[in-house]
Amino acid sequence: MPAKSIAIMSTAIPLLSSRHVAVIGAGAAGLVAARELRREGHRVVVFERGDQVGGSWVYTAEVESEPLGLDPKRRLVHSSLYDSLRTNLPREVMGFRDYPFGRKEGKGRDSRRFPGHREVLMYLKDFAADFQIDELVRLETEVVFAGLGDGGKWTVRSRSSNCDCVDEIYDALVICNGHYVQPRLAHIPGINAWPGKQMHSHNYRTPEPFQDQVVVIIGSAASAVDISRDIATVAKEVHIAARSVEEDKLGKMPGHDNMWLHSMIDSVHEDGSVVFKDGNAVGADFIVHCTGYKYDFPFLETNGAVTVDDNRVGPLYKHVFPPALAPWLSFVGLPWKVVPTSHQVVPFPMFEMQSKWIAGILSNRIALPSKEEMVEDIEAFYSSLEASGTPKSYTHNMGHFQWDYNNWIADQCGIPAIEEWIVQMYMATSKNRLLRSESYRDEWEDDDLVLQAQRDFDNYLI
């Protein structure tokens, strides 16, 4: 990134107040939160339990000691990446607003439009270096407690790899710890007596352990699609159990000799059989749960002001601020994708918008509604979910509503709305994913939008 651009991007906004802010997590959300907070003149410390920045984009071949993630004493591994993962969004859409995710040449770089996970990590590390965020991050430092103390300040207790716990006081706490660590599992009648092996996708890395096995994959989101095809390269059979499947799509999957699509599992049995609700049954060796994750904040103590109930973190105003503790506690990155897999949240731009909003509110440049108004808004939102039959666990499921959400935050911040070409490219990619589920990452028909993106990037750098 040219120095001229960084100088322009780093221009500070006149401040009303400067706060001492703790950011928990140095993944994409924590990095952009740190940048926006510092742009507003706040003093920032970022706590990262890993040994490098990047969060969920840091790959490791290690897996947890208990493959389902049920044992609270298991050896934790915080990465959920599998080795073959490529982005399911084009790089033009993924980047932060003023830091394009452009193609870079060089050793180890991946110039594909839908790059592998290592390229995303390199992008985040470039971002951290170019904005000097590295100097704000304490690596290998885990927050073990964060709670309100005397005077309304936050006591943050952290533990580093080479010293005892340390307590520090902060004005505000921004939680960016991600939500791809604690597995959610499908409820399967008879599973306790079933003799086969099980794992959650959190612990999937490569297909080799499934050589010549009959494998059942539970789920239909992006990870389930990728993992099922990955495993099918070595497995004897792969059977996908999906909750919402059109009847005419059940059965052997086109283009695959060893993959079948089923409705959800009805039950499993001691003889190793797996029975699906569509009436079919298979004798399986392995069940892989691609069933998502739980929100988890084991360090956070709010005296009941914020709870996690059936994967609803709340009450939160616009998925960010708990009214009772606003603006001194906030969350970045809770919204997630919607199924079917053609719709999903574009994470990095959303993290950026939320972070700008939080930073501006903490400096008193942007005003929040009153506590009563925020509570009223949350209650209306919850009522609308209930009226539409949306499960509580889908509270933070946003998908195609993300554009209105992002643009609402942009309006609060007094900045332009999301560029229209980004929305169009997102929709084009979603359509292409349905038409070319096997090859959409390498074949597309939106080159006109790619050119528009490049023109915008080039104009920005002039």
Side-chain angles (χ1 to χ4, degrees), residues 63-75 77 80 82 180-294 310-311 339-341 391-394:
V63 295
E64 295 185 348
S65 55
E66 199 276 293
L68 279 177
L70 292 174
D71 184 359
K73 297 181 180 179
R74 69 191 187 278
R75 182 187 69 252
V77 174
S80 295
Y82 38 97
Y180 297 107
V181 175
Q182 294 294 337
R184 298 185 75 192
L185 299 175
H187 171 68
I188 305 174
I191 195 64
N192 290 335
W194 188 71
K197 297 179 180 179
Q198 296 182 75
M199 70 181 301
H200 189 275
S201 58
H202 174 65
N203 289 303
Y204 177 80
R205 297 294 182 266
T206 62
E208 282 75 19
F210 301 90
Q211 183 76 42
D212 300 323
Q213 303 281 293
V214 176
V215 183
V216 174
I217 307 284
I218 304 176
S220 59
S223 62
V225 172
D226 283 350
I227 290 172
S228 63
R229 289 171 183 155
D230 212 17
I231 290 176
T233 61
V234 300
K236 181 180 179 181
E237 297 177 5
V238 174
H239 297 266
I240 303 169
R243 188 172 301 281
S244 300
V245 185
E246 297 175 17
E247 190 171 341
D248 61 350
K249 293 184 178 180
L250 295 175
K252 183 169 282 191
M253 298 182 67
H256 296 274
D257 294 330
N258 64 341
M259 290 180 66
W260 287 262
L261 182 61
H262 301 271
S263 58
M264 188 49 69
I265 295 174
D266 181 73
S267 59
V268 297
H269 302 274
E270 292 183 34
D271 62 357
S273 63
V274 176
V275 180
F276 302 94
K277 291 184 182 295
D278 59 23
N280 290 310
V282 297
D285 303 299
F286 225 120
I287 292 176
V288 180
H289 297 249
C290 299
T291 45
Y293 296 85
K294 303 173 185 176
D310 192 14
N311 240 26
V339 292
T341 57
K392 182 183 290 186
S393 61
Y394 275 49

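- For H289 and H200, the ring centers are positioned 6.0 Å apart or more.
- Of the possible polar contacts, one joining the N258 side chain to the A235 backbone as a donor-acceptor pair under 3.5 Å is found.
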Intermediate values then yes/no, side-chain contact (heavy atoms from CB on, under 4.5 Å), L185 and L68: CA-CA 8 Å; L185 299 175; L68 279 177; 3.8 Å; yes
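- Between Y180 and Y293, the two ring planes are perpendicular [angle over 60°; tilted spans 30° to 60°].
- No side-chain donor-acceptor contact under 3.5 Å links Q182 to the backbone of K294.
- Y82 and D226 form a side-chain donor-acceptor contact under 3.5 Å, judged by distance and modelled atom types alone.
- To the nearest 0.5 Å, atoms CD1 (I231) and CZ (F210) are separated by 4.0 Å.
- Classification of R74 and E64 as a salt-bridged pair holds, one side-chain N sitting under 4.0 Å from a carboxylate O.
- Atom CD1 of I218 is separated from atom SG of C290 by 8.5 Å, given to the nearest 0.5 angstrom.
- Under a 3.5 Å cut-off, the side chain of W260 and the backbone N or O of H239 do not form any donor-acceptor pair.
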Check against side chain to side chain donor-acceptor pair (under 3.5 Å), Y394 and N311: CA-CA 8 Å; Y394 275 49; N311 240 26; over 6 Å; no
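- T291 contributes a side-chain N or O that, together with a main-chain N or O of R184, makes up a donor-acceptor pair within less than 3.5 Å.
- No donor-acceptor pair under 3.5 Å is formed between the side chain of Q213 and the backbone N or O of V215.
- A 4.5 Å side-chain heavy-atom check between V63 and R205 finds at least one atom pair inside the cut-off.
- Using a 4.0 Å cut-off between charged nitrogen and carboxylate oxygen, K277 and D266 count as a salt-bridge pair.
- Rounding to the nearest 0.5 angstrom, the gap separating the CG atom in N203 from the CD atom in E66 is 8.0 Å.
- Listed for the S220 side chain is no donor-acceptor partner under 3.5 Å among the backbone atoms of A242.
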